[in-house]
Amino acid sequence: QLQLVESGGGLVQPGGSLRLSCATSGFNLGDYRIAWFRQAPGKEREGVSCINRSGGRTNYADSVKGRFTISRDNAKNTVYLQMNNLKPEDTAVYYCATKRDPFGTCDTRETLYNYWGQGTQVTVSS
């Protein structure tokens, strides 16, 4: 059974950092792309970042470029989202999602993803 479990969320002050983890099981992570999404209260879910199956291709939303870094460790079946210089507008529930990646591509269109984690809350506040 394919599973995704996010962790690492919490309360942080503006300018601080967090590293989110997406632990996977039940499938060969090396065959799948992973994306991070977030949903703030009262807003639609938006794509934050994605990484292809090998880790050689990544993509970021304009709002997080230069601050967030996505990475993966296929041997540990885990994908990470390092978030630096956090802002109050980064406050949201963060989700990881996955889809088989036969062509080694990266895409944050929500409708493409078949499997989702339960989310982890990130709150940026002083």
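- The stretch residues 41-100 participates, sequence neighbours left out, in no ring pair (Phe, Tyr, Trp, His ring centres under 6.0 Å) pair at all.
- For residues 33-56, the pairs satisfying ring pair (Phe, Tyr, Trp, His ring centres under 6.0 Å) are F37-Y113, F37-W116, with sequence neighbours left out.
- Residues V79 and L2 share a single hydrophobic cluster, defined by chaining ILVMFWY side chains whose heavy atoms lie under 4.5 Å apart.
- For the atom pair CD (E110) and CZ (R45), the distance works out to 4.0 Å, reported to the nearest 0.5 Å.
- Residues satisfying the ring-ring contact (aromatic ring centres under 6.0 Å, His included) criterion with Y115, sequence neighbours excluded, are absent altogether.
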May I have the step-by-step check of side-chain contact (heavy atoms from CB on, under 4.5 Å) for S125 and L11, ending in yes or no?
CA-CA 7 Å; S125 175; L11 173 64; 4.2 Å; yes
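- Looking only at distances, no side-chain donor or acceptor of T58 sits under 3.5 Å from a matching main-chain atom of I51.
- For CD of E44, the number of neighbouring non-hydrogen atoms (other residues, nucleotides, ligands) closer than 6.0 Å is 12 at most.
- Contact record, E6 with G119: OE1-N, 2.9 Å, taken as the closest heavy-atom pair.
- If you take CD1 on I34 and SG on C96, they are separated by 6.0 Å, rounding to the nearest 0.5 Å.
- Taken to the nearest 0.5 Å, the CD1 atom of I70 stands 11.5 Å off from the CE atom of M83.
- From R38, atom CZ reaches atom CD of Q121 across 12.0 Å, with rounding to the nearest 0.5 Å.
- Side-chain atoms of T91 do not come within 3.5 Å of backbone N or O of T123 as any donor-acceptor pair.
- Here the side chain of D73 pairs no donor or acceptor atom with the backbone of N77 at under 3.5 angstrom.
- For R67, the salt bridge (Lys or Arg N to Asp or Glu O under 4.0 Å) test picks out D90, with sequence neighbours left out.
- Q3 meets the side chain to side chain donor-acceptor pair (under 3.5 Å) test with no other residue; sequence neighbours excluded.
- Between the N52 side chain and the R57 main chain, a donor and an acceptor come within less than 3.5 Å of each other.
- For the atom pair CZ (R100) and CG (L112), the distance works out to 15.5 Å, reported to the nearest 0.5 Å.
- Within the 3.5 Å criterion, the main-chain N or O of Y32 finds no donor-acceptor partner in the side chain of R53.
- Every pair passing side-chain hydrogen bond (donor to acceptor under 3.5 Å, both in side chains) that includes a residue from residues 11-25 is listed here, sequence neighbours excluded: S17-N84.
- Defined by atom type and a distance below 3.5 Å, a donor-acceptor pair is missing between the side-chain atoms of T78 and R72.
- No path of Ile, Leu, Val, Met, Phe, Trp and Tyr side chains, each step under 4.5 Å between heavy atoms, connects L18 with V93, placing them in separate hydrophobic clusters.
- Rounding to the nearest 0.5 Å places CG of N114 at 8.0 Å from OG1 of T98.
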